[in-house]
Structure formats: structure tokens, C-alpha cells
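First comes the structure, then the notes that go with it.
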Amino acid sequence: MGNWFQNNIVTTGRLPLFCYFVTLIVAFIATRINVRLIRAKVGWFRNVNVGEMHIHHVVFGVVLMLIGGVTGLIVNGAGQVGQVGQVVAACVFGVGSALVLDEFALILHLHDVYWEEEGRTSVDAVFIAVAVTGLLLIGLRPLTWDYGTPVNPAALIVANLALAVITLLKGKIWTGMAGLFLPLLLVVGAVRLARPGSPWARWFFRGGRSPRKLATAVHREERWRRPVIRAKIAFQEFLSGRHDLPSSRRGRRHT
């Protein structure tokens with residue numbers, strides 16, 4: 001194990017990324033444990049308030065990300081001191097990222113939806129960040145152009161981005177993100193039928209444009225995707241708590 005870590009993490013220069021990966025996961029789990037204890041009113045666990053104003057932990061996350069990011073830019077990577085500085089900066093940035101992503105839904109909706117259904121978006125954001133960092137850690141790189149083909153690398157990058165956009169518009173978020181590292185997934189995601197609630201379906205299926213494709217998409221959603229979503233939600237609630245408050249976003253209008 002020690003040889004693997006030395007050869008695949010330290011020697012390849014991925015130690016800061018590894019530290020970011022670990023601190024992101026640990027800080028997210030610690031944050032969720034803390035907020036669940038606050039919600040259950042256990043012991044001395046309480047929200048941070050200044051007068052009547054509640055300070056969300058995304059504020060501390062932004063500060064830590066700034067400190068970690070700027071420190072990572074100014075420390076010199078050469079020598080032991082520089083390497084230690086990069087590792088420390090990566091750890092600080094990882095903790096800050098966890099705090100920010102844990103309240104990603106609040107940033108997205110500009111409203112406190114932490115324990116509401118929309119709050120699951122925060123957990124999804126953390127899962128995506130962990131997955132992408134894990135792929136980078138094992139050596140994969142997004143938009144790689146070394147395919148051993150005579151095709152212009154720039155053309156391949158543009159094609160990958162176009163396929164990624166189509167895949168994401170079809171509502172296949174995980175396929176689109178993973179496809180940036182494994183382009184074959186983008187081809188599959190771009191060709192397959194869009195999810196019924198996706199922008200692609202609203203533009204090309206609804207309103208009588210393609211009722212048969214819409215019906216097929218709905219059938220596939222109910223038969224194949226819903227069970228997967230229920231399993232994902234069960235795992236999310238086991239890890240992060242139940243998002244069971246009624247939505248305060250319904251009926252609200254943006255002004």
C-alpha cells in the first residue's frame with residue numbers, strides 16, 4: 001500500500017489533489033453530522049448567529065476557499081516547504097469546498113431550502129465533485145485529445161464539448177460529467193432518448209411535437225430510472241439526513 005501511494009500519488013505530483021479529495025469527503029461528512037445534531041437539538045450544537053442573523057456555513061466555506069486558493073497560487077512548489085504549503089492549501093480549499101457545496105442549493109435558489117426537497121441538489125453537487133476529483137486522482141483528464149487519430153485535437157475538443165452539452169440538455173448529468181473523461185459515454189448519452197423533464201424534451205417532445213418519443217421517455221423513466229433515484233435518495237438520506245420539509249419555493253415568483 002505504501003509503495004502504491006508513493007508511486008501513484010506522491011511521485012506523480014498528485015499529493016495536493018489527494019489531500020483535497022480526502023478533506024472534501026471528511027469535511028462534508030463532519031458538516032452533515034453537525035447540522036443533523038443541530039436539527040435534533042442535541043447538546044451544545046447550535047447555529048451560528050450574530051444578533052438575529054443566521055450565518056450559514058457557506059460563508060465560512062467561501063473564506064476558506066479564498067485562503068486555500070490564494071495560498072496555493074503563491075506557494076512555491078519546489079522544495080519541501082513548498083510541497084507542504086501546497087498540501088496545506090489543498091486541505092484548506094477542500095474544507096471550504098465541502099462547506100460551500102453543502103449549501104449549493106441555497107446558492108442556486110437564493111433561498112434556504114437546506115432541509116427541503118430542493119436541498120438534495122447540494123448532496124448531488126458534493127457527489128459530483130467527489131466523483132470528478134476521483135477520476136482526476138486516478139490519472140484521467142477531461143477533454144483528452146490523444147486518441148491516436150489524425151483528427152485535429154481542437155476539433156476533437158469541440159466535438160466532445162458539443163456532445164457534452166447535448167447530453168446534459170437531455171438530463172443525463174452523471175453521463176455528461178463522466179463523459180468528459182470517457183468520451184464514448186458522451187456518444188451514448190447524446191444518441192439516447194432524453195429524460196422527460198429535461199430541457200431537450202421540453203423543446204422537442206412536448207407541445208405535440210413528438211408524443212411517441214415523450215411517452216417512451218416517460219415509460220423508461222418510470223421503469224428504469226425511478227428505482228435508481230429511490231435508491232440514491234435512500235443513500236443520500238442515510239448519509240445527510242431527511243430533506244422532508246415542505247417546499248417553500250412552490251408558488252413563489254421571481255421579481
(request) Check the hydrophobic clustering (I, L, V, M, F, W, Y; side-chain heavy atoms under 4.5 Å; chains of links allowed) and say if Leu106 and Phe60 are grouped together. (result) no
(message) Please check this pair: side chain of Arg141 against backbone of Leu136, looking for a donor-acceptor N/O pair closer than 3.5 Å.
(response) yes
(message) Nearest 0.5 angstrom please: Phe205 CZ to Arg212 CZ, how far?
(response) 11.5 Å
(request) Step through the shown structure and confirm whether more than 12 heavy atoms of other residues, nucleotides or ligands are within 6.0 Å of CZ on Arg192. (result) no
(message) For Arg209, I'd like to know if atom CZ has over 12 heavy atoms of other residues, nucleotides or ligands within 6.0 Å.
(response) yes
(request) Measure the CZ-CD1 distance between Phe28 and Ile33 for me, rounded to the nearest 0.5 Å. (result) 10.5 Å
(request) Classify the angle between the aromatic ring planes of Tyr114 and His57 as parallel (below 30°), tilted (30 to 60°) or perpendicular (above 60°). (result) perpendicular
(request) Return the minimal non-hydrogen interatomic distance between Ser210 and Phe204, and the atom names on each side. (result) CB-O, 3.7 Å
(message) Show, in sequence, the C-alpha distance, side-chain angles and deciding distance for Val62 and Leu66, and conclude whether the side-chain contact (heavy atoms from CB on, under 4.5 Å) test is met.
(response) CA-CA 6 Å; Val62 170; Leu66 285 172; 4.3 Å; yes
(request) Could you tell me the separation between the CZ atom of Arg230 and the CZ atom of Arg225, rounded to the nearest 0.5 Å? (result) 12.5 Å
(message) Taking the basic N atoms (NZ, or NE/NH1/NH2) and the acidic carboxylate oxygens, is any pair closer than 4.0 Å for Asp102 and Arg36?
(response) no
(message) Atom NZ of residue position Lys213 - does it have more than 12 heavy atoms of other residues, nucleotides or ligands inside 6.0 Å?
(response) no
(request) Measure from NZ or CZ of Arg120 to the centre of the six-membered ring of Trp115 and say whether it is under 6.0 Å with the direction within 45° of the ring axis. (result) no
(message) Pro211: which residues meet the side chain to side chain contact (heavy atoms under 4.5 Å, CB included) condition with it, sequence neighbours left out?
(response) none
(message) Assess, by modelled atom type and distance only, whether the side chains of Glu103 and His56 contain a donor and an acceptor separated by less than 3.5 Å.
(response) yes
